[in-house]
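Position 1 is the first residue of the sequence; numbering continues from there. For the numbers below, each heavy atom of this structure counts, side chains included, while hydrogens, waters and symmetry mates do not.
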Amino acid sequence: MANREALRELQTRLASRLQAARTEGVSVAWLAVRVGGRNLLFPLGQSGEIFPLSSLQVVPYARDWFRGVLNIRGGLYGVVDLAAFIAIDTGHARAEPAGQEPSVVTLNTALDVNCALQVDGLLGLRGVDAFVSSEPSDPDAPAYFGNQFKNSANEQWQEIDLRILSQTPQFLSISA
């Protein structure tokens, strides 16, 4: 119960910071999340809302990374285990989550895909000023990998282009 209250508190803080960024013109570019042991950045213009992962309905015969269907505000959203999807797509092993209660981040409705991405942790909002360097992703990386960033603590952050991710053929194909 305390985890749900903490998530609601975080959601409220993020929503108020987003509103402040819009009205004050603060440069906030990404929602920072933790997924499968990685720090990822979702562009705010492509991200939707944040919800706790609860009451998930499993879909039989779906791919391993497709967790099931979730009712969010009366709409059905497919839930993708993003860590598992990236692991399969890149050929790396999936790192296990850190024991936190997972959340989902919906894709922006402008992307026209009723999908929510399972994330292991929400790390707040980040702007360009949070990073000291950036470089393009590896040429062998999936097309939806954007730039890589490093912060002053030398932590690596990978930008994920949710628009490109949502249009990749393997992402759109949930049946095994």
Side-chain angles (χ1 to χ4, degrees), residues 29-54 56-70 72 75-126 128 130-131 133-151 153-176:
W30 300 283
L31 172 64
V33 298
R34 187 100 170 129
V35 173
R38 292 179 144 176
N39 296 323
L40 300 181
L41 300 168
F42 295 162
L44 285 180
Q46 299 172 3
S47 303
E49 296 181 89
I50 302 164
F51 296 94
L53 181 59
S54 62
L56 184 72
Q57 299 299 311
V58 177
V59 175
Y61 308 111
R63 298 194 184 265
D64 293 338
W65 47 264
F66 189 79
R67 294 286 319 276
V69 179
L70 191 61
I72 299 176
L76 293 179
Y77 286 76
V79 177
V80 171
D81 180 346
L82 188 58
F85 182 83
I86 290 173
I88 290 169
D89 210 19
T90 60
H92 294 98
R94 183 203 191 288
E96 290 303 314
Q100 294 177 307
E101 195 171 314
S103 301
V104 293
V105 177
T106 62
L107 300 184
N108 190 302
T109 56
L111 298 178
D112 205 27
V113 179
N114 277 16
C115 180
L117 303 174
Q118 177 183 326
V119 299
D120 302 329
L122 300 166
L123 304 175
L125 301 174
R126 299 289 190 276
V128 180
F131 303 102
S133 68
S134 71
E135 59 186 49
S137 62
D138 188 306
D140 296 331
Y144 53 86
F145 274 33
N147 291 324
Q148 294 179 352
F149 296 88
K150 282 198 178 172
N151 63 13
N154 207 31
E155 295 172 321
Q156 187 164 332
W157 293 80
Q158 177 65 59
E159 181 181 33
I160 302 293
D161 187 320
L162 299 177
R163 183 187 56 77
I164 294 173
L165 173 67
S166 71
Q167 298 305 310
T168 59
Q170 61 271 37
F171 187 83
L172 294 171
S173 174
I174 66 162
S175 59

**Report entry** Minimum-distance pair of heavy atoms, taken over all atoms of D120 and G36
**Finding:** OD2-N, 2.6 Å
Query - Expected output: side-chain N114 to main-chain L76 donor-acceptor under 3.5 Å - result: yes
Report task. With F42 as reference, evaluate D161, L117, L107, N108 under the side chain to side chain contact (heavy atoms under 4.5 Å, CB included) test and give the passing residue. Result -> L117
Query - Distance (rounded to the nearest 0.5 Å) between N147 CG and L41 CG - result: 10.0 Å
Query raised in the report: Atom OH in Y144, atom OG in S137: separation rounded to 0.5 Å?
Result: 10.5 Å
Report task. Any chance you could measure I164, atom CD1, to F145, atom CZ, to the nearest 0.5 Å? Result -> 12.0 Å
Requested in this report: To the nearest 0.5 Å, tell me how far R38 CZ sits from Q156 CD.
Outcome: 8.5 Å
Query raised in the report: Distance-only, no hydrogens or angles: does the R163 side chain make a donor-acceptor pair with backbone N or O of S166 under 3.5 Å?
Result: no
Requested in this report: Give the C-alpha distance, both sets of side-chain angles, the deciding distance and a yes or no for side chain to side chain contact (heavy atoms under 4.5 Å, CB included) between L40 and I86.
Outcome: CA-CA 11 Å; L40 300 181; I86 290 173; 4.1 Å; yes
Report task. Decide yes or no on side chain to side chain contact (heavy atoms under 4.5 Å, CB included) for T168 and D89, but give the supporting numbers first. Result -> CA-CA 11 Å; T168 59; D89 210 19; 6.0 Å; no
Query raised in the report: For the residue pair A116 and I72, what are the closest heavy atoms and their distance?
Result: CB-CD1, 4.5 Å
Query raised in the report: So which heavy atom on V113 is nearest to which on Q167, and how close?
Result: CG2-NE2, 4.2 Å
Report summary line: Those residues at least two apart in sequence (or on a different chain) that pass ring-ring contact (aromatic ring centres under 6.0 Å, His included) with F149 are W30, F131
Report task. Show your working on side chain to side chain contact (heavy atoms under 4.5 Å, CB included) between R67 and L53 and close with a plain yes or no. Result -> CA-CA 10 Å; R67 294 286 319 276; L53 181 59; 3.5 Å; yes
Report task. Compare every heavy atom of N39 with every heavy atom of E155, then report the nearest pair and how far apart it is. Result -> CB-ND2, 4.1 Å
Requested in this report: Could you pull out the closest heavy-atom pair between N151 and A130, with the gap in Å?
Outcome: CB-O, 3.4 Å
Requested in this report: Hey, could you give me the CZ/CG distance between R34 and L123, rounded to the nearest 0.5 Å?
Outcome: 7.5 Å
Query raised in the report: In terms of heavy-atom contacts, does CG of D112 have more than 12 from other residues, nucleotides or ligands at under 6.0 Å?
Result: no
Report summary line: Correct closest heavy-atom pair for Q158 and G146 would be NE2-O, 2.9 Å
Requested in this report: For the residue pair I50 and L31, establish whether any side-chain heavy-atom pair is separated by less than 4.5 Å.
Outcome: yes
Query raised in the report: Less than 4.5 Å apart, any side-chain heavy atom of V79 and any of F66?
Result: no
**Report entry** Nearest-0.5 Å distance, CG of residue L165 to CD of residue Q170
**Finding:** 8.5 Å
Requested in this report: Take the angle between the ring planes of F171 and F85 and call it parallel below 30°, perpendicular above 60°, tilted in between.
Outcome: perpendicular
Query raised in the report: Does S103 use its side chain to pair, donor to acceptor, with the backbone of V119 at less than 3.5 Å?
Result: no
**Report entry** Step-by-step side chain to side chain contact (heavy atoms under 4.5 Å, CB included) determination, L70 to Q57
**Finding:** CA-CA 6 Å; L70 191 61; Q57 299 299 311; over 6 Å; no
